[in-house]
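Note that this is a predicted model, so its numbers are computed, not measured. In what follows, every heavy atom counts, from backbone to side chain, and hydrogens, waters and symmetry copies are set aside. In the text below, chain A, chain B and the rest are named by the order of the sequence lines, each starting its count at 1.
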There are 2 protein chains.
Amino acid sequence: MPPELAPRGVDLLLRKLLYHSLLSTDDQDAIAALPFTRRRLDPGSIIIREGERCDICPILLSGFAYRHKMTGDGGRQIVALKLPGDPLDFQSLYLGRADHTVQTLTSVELAIVPNRELERLVMARPSLARAVVVDIVIEASIGREWLLNIGRRNALARLAHLICEIHHRLAISATSLVESDLPITQEQLADLLGLTPVHINRTLKELERAGAIVRNGRRIRIGDLDRLCDLADFSDLYLHAHEAADDRSVRRGG
Amino acid sequence: MPPELAPRGVDLLLRKLLYHSLLSTDDQDAIAALPFTRRRLDPGSIIIREGERCDICPILLSGFAYRHKMTGDGGRQIVALKLPGDPLDFQSLYLGRADHTVQTLTSVELAIVPNRELERLVMARPSLARAVVVDIVIEASIGREWLLNIGRRNALARLAHLICEIHHRLAISATSLVESDLPITQEQLADLLGLTPVHINRTLKELERAGAIVRNGRRIRIGDLDRLCDLADFSDLYLHAHEAADDRSVRRGG
DNA sequence: CGCAGCATTGACAGGGGTCAATTGGCGTGG
DNA sequence: CCACGCCAATTGACCCCTGTCAATGCTGCG
């Protein structure tokens with residue numbers, strides 16, 4: 001089992017925040033000292049329900065999760081995908097009622113930190129408060145790219161783009177999963193991309209024919225990343241993956 | 001000329017922030033004392049360019065603006081619409097490079113606050129820091145609703161939904177504009193909704209036939225708000241318009 | 001009064017949706 | 001170890017919503 005599947009605690013959160021923000025060892029210790037409870041959940045479990053208040057901050061230690069919304073007539077759209085290491089709902093530190101539902105996609109392991117504790121921490125440490133907001137604005141940036149993706153790209157590019165994004169994001173906080181299969185059904189891909197399951201199926205076949213992905217039964221994996229990025233019109237600017245590094249060079253006067 | 005078109009300074013920002021957050025008169029004075037320069041811009045002016053750094057915080061005093069992104073082959077998607085009173089880019093307080101372009105839609109008047117000043121303010125006043133982040137997460141929430149709108153609603157509902165949203169948002173910070181015409185071309189509506197100008201035209205005609213909107217030449221205005229909300233499957237939960245009020249009653253123990 | 005840009009319209013095409021039947025994978029229980 | 005059942009995946013036929021292209025009309029402005 002890769003280390004990401006058996007994390008020591010909120011360390012994964014630490015790793016994710018560190019990737020985007022510069023934190024002192026003191027800050028890092030403060031995060032590592034956060035009290036939390038661990039919980040396992042089955043696929044499809046609802047973690048936060050639309051319209052309700054939420055006073056805990058769940059952090060994804062292993063497995064995938066997502067935010068989704070539904071139209072009045074039952075259409076479902078996944079509006080954010082959460083990977084190992086991702087905090088699931090920093091937003092509830094700032095807003096009372098959830099405007100969407102958060103649900104597990106695979107079986108997951110969570111670290112649950114009380115909002116109260118997290119609030120205490122960010123009140124005391126401005127650099128951590130900043131790291132939390134950086135995580136929030138990067139998620140917003142990803143949402144904007146999804147708008148472009150769903151609004152202006154055809155099914156092939158849309159699907160390729162999503163797979164590229166997952167690959168790049170796993171490379172940040174769950175490196176050992178980068179080469180593994182996607183644990184996502186075609187129906188979930190459809191909800192992620194604003195398409196239908198049937199059309200996802202046709203498009204997966206096309207991506208396979210193009211050599212961009214490899215499939216084996218229900219398993220999907222990247223075959224040729226360059227080809228995939230090419231088909232997807234993919235640029236990783238919106239992931240802001242190198243923000244912290246940029247900051248470092250700026251502060252050095254580079 | 002309605003008062004929103006001739007504001008006294010950053011007061012509109014104040015009004016917007018106050019709507020969502022509880023601020024002491026002390027905080028309010030601090031905002032009112034922010035140094036800023038005023039600038040007028042023509043329609044189509046670029047305020048922030050994708051990929052560049054930004055060290056100012058523009059606040060929209062009058063007029064409309066938007067964020068947009070483009071695909072490699074020229075497809076354009078507007079990913080956020082900004083109305084009078086809206087801060088245009090709090091995000092640049094937290095991220096180095098803009099992941100999108102910010103541009104004026106109409107002729108606008110801006111109040112430009114140096115990020116440095118804003119940073120000083122929010123460092124000194126946690127309640128203002130919080131108000132800034134609340135604005136950021138509400139914009140993110142709007143983005144998620146747009147994902148649902150573009151991903152899962154047909155052209156008629158999509159367009160109706162956008163018009164409903166503009167109406168509700170104007171009611172927050174630019175009340176005098178609620179009853180006025182929309183200053184948006186059909187091409188811009190297309191970029192907002194992931195459709196083509198031609199189809200926007202057909203859909204506007206359909207909305208008019210349904211009695212939901214009234215058109216006069218290039219002018220569009222709401223005819224029957226209830227009908228429009230109905231066609232749009234609209235619920236205002238995602239605007240978090242009553243957060244502050246909710247908080248108040250919670251703190252009162254209500 | 002003429003231009004430029006936006007709006008409108010029609011004909012046509014195609015991407016993606018819908019429906020329905022079939023196949024295949026896989027966990028469960030006998 | 002096999003049979004069963006369930007759910008995901010696959011496939012084909014068909015259709016419709018929306019895109020595309022191109023011509024024409026309108027409107028505000030210099």
Length of the line joining B:R153:CZ and C:dG16:P, which is rounded to integer Å: 21 Å

Rounded to whole Å, the CZ-C1' distance (A:R158 to C:dG15) equals 10 Å

Would you say B:K205 reaches C:dT9's phosphate, i.e. side-chain N/O to OP1/OP2 under 4.0 Å? yes

What nucleotide among D:dA8, D:dT18, C:dT18 has an atom nearest to a side-chain atom of A:T196? C:dT18

Is a side-chain donor-acceptor pair under 3.5 Å present for A:H199 with A:R202? yes

Side-chain donor/acceptor contact of A:R202 with base of C:dG17 under 3.5 Å: yes

For atom CG of A:N216 and atom P of D:dA8, their distance in whole Å: 19 Å

Students often get this wrong, so: under 4.0 angstrom with heavy atoms, is A:L204 touching a base, only sugar-phosphate, or nothing? nothing

Using heavy-atom distances to pick each residue's nearest nucleotide on DNA chain C, tell me which of A:A155 and A:G217 is more 5'. A:A155

With sugar-phosphate meaning primed atoms plus P, OP1 and OP2, does B:G194 contact a base, only sugar-phosphate, or nothing at under 4.0 Å between heavy atoms? sugar-phosphate

Is a donor from one side chain sitting under 3.5 angstrom from an acceptor on the other, for B:E165 and B:N149? no

What's the CD-C1' distance between A:E187 and D:dT10, to the nearest Å? 15 Å

Of A:R219 and A:L156, the one whose nearest nucleotide on DNA chain C sits closer to the 5' end is A:L156

Verify the contact: side-chain N or O of B:R215 to OP1 or OP2 of C:dT8, cut-off strictly under 4.0 Å; return yes or no. yes

Of all heavy-atom pairs between B:P43 and B:S107, which one has the smallest distance, and what is that distance? CG-N, 3.5 Å

Ignoring hydrogens and angles, state whether a donor on the side chain of B:H240 or A:D99 is under 3.5 Å from an acceptor on the partner side chain. yes

Counting side-chain heavy atoms from C-beta on, which of D:dT11, C:dG16, D:dA8 comes nearest to A:T185? D:dA8

Expressed as a whole number of angstroms, how long is the span from B:I150:CD1 to D:dG19:P? 11 Å

Between B:N201 and C:dT8, is there a side-chain N or O to OP1/OP2 distance below 4.0 Å? yes

Flag if over 12 foreign heavy atoms under 6.0 Å of CZ, B:R227: no

Whole-Å distance, A:L159 CG to C:dG16 P, equals 11 Å

Atom CZ of B:R218 and atom C1' of D:dG25 are separated, to the nearest Å, by 11 Å

Take atom NE2 of A:H199 and atom C1' of D:dC15, then tell me their distance rounded to the nearest Å. 15 Å

